[in-house]
**Student:** 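What follows is a structure written as structure tokens; I'll ask about it next.
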Amino acid sequence: MKKYECPHCGEKTITPLKKAFAGTQKSKGVECPNCGTHCTNGMQSSVFRCIISLIVLLISVTSYIKCQFNISAAVISISLVSGFILTRLFDAFFYPLAVSLRMDLNQ
């Protein structure tokens, strides 16, 4: 299994599953097993999450206004789940890890 390198120590210790749930730069992130510092997904991930969230919001509002309740609930549920899965997949495989910006973690 491919591992990603920690931005602090440079060792390949972070698995794709941990990287997928590392969060944005202001979150706690994932702890490197080698050096013990926290790393998160970078700014590209935050921009991508923002764009996907806006698309999900537009789909949800449009389906709520234009569709019947049963169809609207299904469309909103599908868009929320697919947005969540899509952002996690892109975080896991496409964007590099970055240093966490939280001051309470990296001292």
**Student:** Would you say the side-chain atoms of T62 pair up with the backbone N or O of I59, donor to acceptor, closer than 3.5 Å?
**Tutor:**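 Pair absent, no side-chain N/O of T62 close to backbone of I59.
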**Student:** Check T24 against R49 and note the closest heavy-atom contact, atom names and distance.
**Tutor:**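 That closest heavy-atom pairing would be CG2-CD, 4.1 Å.
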**Student:** Between C39 and S100, is any pair of side-chain heavy atoms under 4.5 Å apart?
**Tutor:**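 The answer is no, as the side chains (C-beta and beyond) never meet within the 4.5 Å cut-off.
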**Student:** Quick check on the hydrophobic clustering: are Y64 and L54 connected, directly or via other members, by side-chain heavy-atom contacts under 4.5 Å?
**Tutor:**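 No: no chain of side-chain contacts under 4.5 Å links Y64 to L54.
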**Student:** Is there a side-chain contact between T37 and C6, using heavy atoms and a 4.5 Å cut-off?
**Tutor:**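 The answer is yes, as the side chains (C-beta and beyond) meet within the 4.5 Å cut-off.
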**Student:** Counting distance only, does the side-chain N/O of S45 pair as donor-acceptor with the main-chain N or O of N41 below 3.5 Å?
**Tutor:**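 Such a contact is absent between S45 side chain and N41 backbone.
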**Student:** State, yes or no, whether a side-chain contact exists between I71 and S63 at a heavy-atom distance under 4.5 Å.
**Tutor:**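 I71 vs S63: side chains apart.
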**Student:** OG/S53 to CG/L80 distance, rounded to the nearest 0.5 angstrom?
**Tutor:**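 Reported to 0.5 Å precision, the distance equals 9.5 Å.
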**Student:** What heavy-atom pair brings G83 and V56 nearest, and what distance separates the two atoms?
**Tutor:**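 It is CA-CG2, 4.2 Å.
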**Student:** Which of parallel (below 30°), tilted (30 to 60°) and perpendicular (above 60°) describes F90 and F48?
**Tutor:**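 Answer is parallel, since the angle falls under 30°.
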**Student:** Judged by atom type as modelled, is there a donor-acceptor pair below 3.5 Å linking the side chain of S27 to the main-chain atoms of A22?
**Tutor:**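 Indeed, once roles are kept as given, a pair shorter than 3.5 Å links the two residues.
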**Student:** Looking at every non-hydrogen atom in both residues, tell me the closest pair between T40 and V99 and how far apart they are.
**Tutor:**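 Result for this residue pair: OG1-O, 4.0 Å.
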**Student:** If I compare all heavy atoms of E11 with all of N34, which pair ends up nearest, and what's the gap?
**Tutor:**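 Looking at all heavy atoms of both residues, the closest pair is CG-ND2, 3.0 Å.
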**Student:** Applying side chain to side chain contact (heavy atoms under 4.5 Å, CB included), name anything that partners E31, two or more places apart in sequence or on another chain.
**Tutor:**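 For E31, the residues satisfying side chain to side chain contact (heavy atoms under 4.5 Å, CB included) (neighbours in sequence not counted) are H38.
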**Student:** Hey, what do you get for CZ (F84) to CG (L89), rounding to the nearest 0.5 Å?
**Tutor:**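 The distance works out to 10.0 Å.
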**Student:** side-chain contact (heavy atoms from CB on, under 4.5 Å) between H8 and C35: does it pass, once the steps are laid out?
**Tutor:** CA-CA 8 Å; H8 294 283; C35 63; 4.0 Å; yes
**Student:** About how many Å separate CG of L58 and OG of S79, when rounded to the nearest 0.5 Å?
**Tutor:**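 It comes to 10.5 Å.
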**Student:** Side chains of residues 12-19: which donor-acceptor partners sit under 3.5 Å, not counting sequence neighbours?
**Tutor:**
residue	atom	partner	partner atom	Å
T15	OG1	K18	N	3.4
K19	NZ	D91	O	2.4
K19	NZ	Y95	O	2.3

**Student:** Between CD of Q25 and OG of S46, what distance do you get to the nearest 0.5 Å?
**Tutor:**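 Q25 CD to S46 OG: 6.0 Å, rounded to 0.5 Å.
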**Student:** Out of curiosity, L86 CG to I55 CD1, how far, rounded to the nearest 0.5 Å?
**Tutor:**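 Separation between the atoms: 9.0 Å.
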**Student:** Applying side chain to side chain contact (heavy atoms under 4.5 Å, CB included), name anything that partners V61, two or more places apart in sequence or on another chain.
**Tutor:**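 With sequence neighbours excluded, V61 shows a side chain to side chain contact (heavy atoms under 4.5 Å, CB included) to L57, I65, given in chain and number order.
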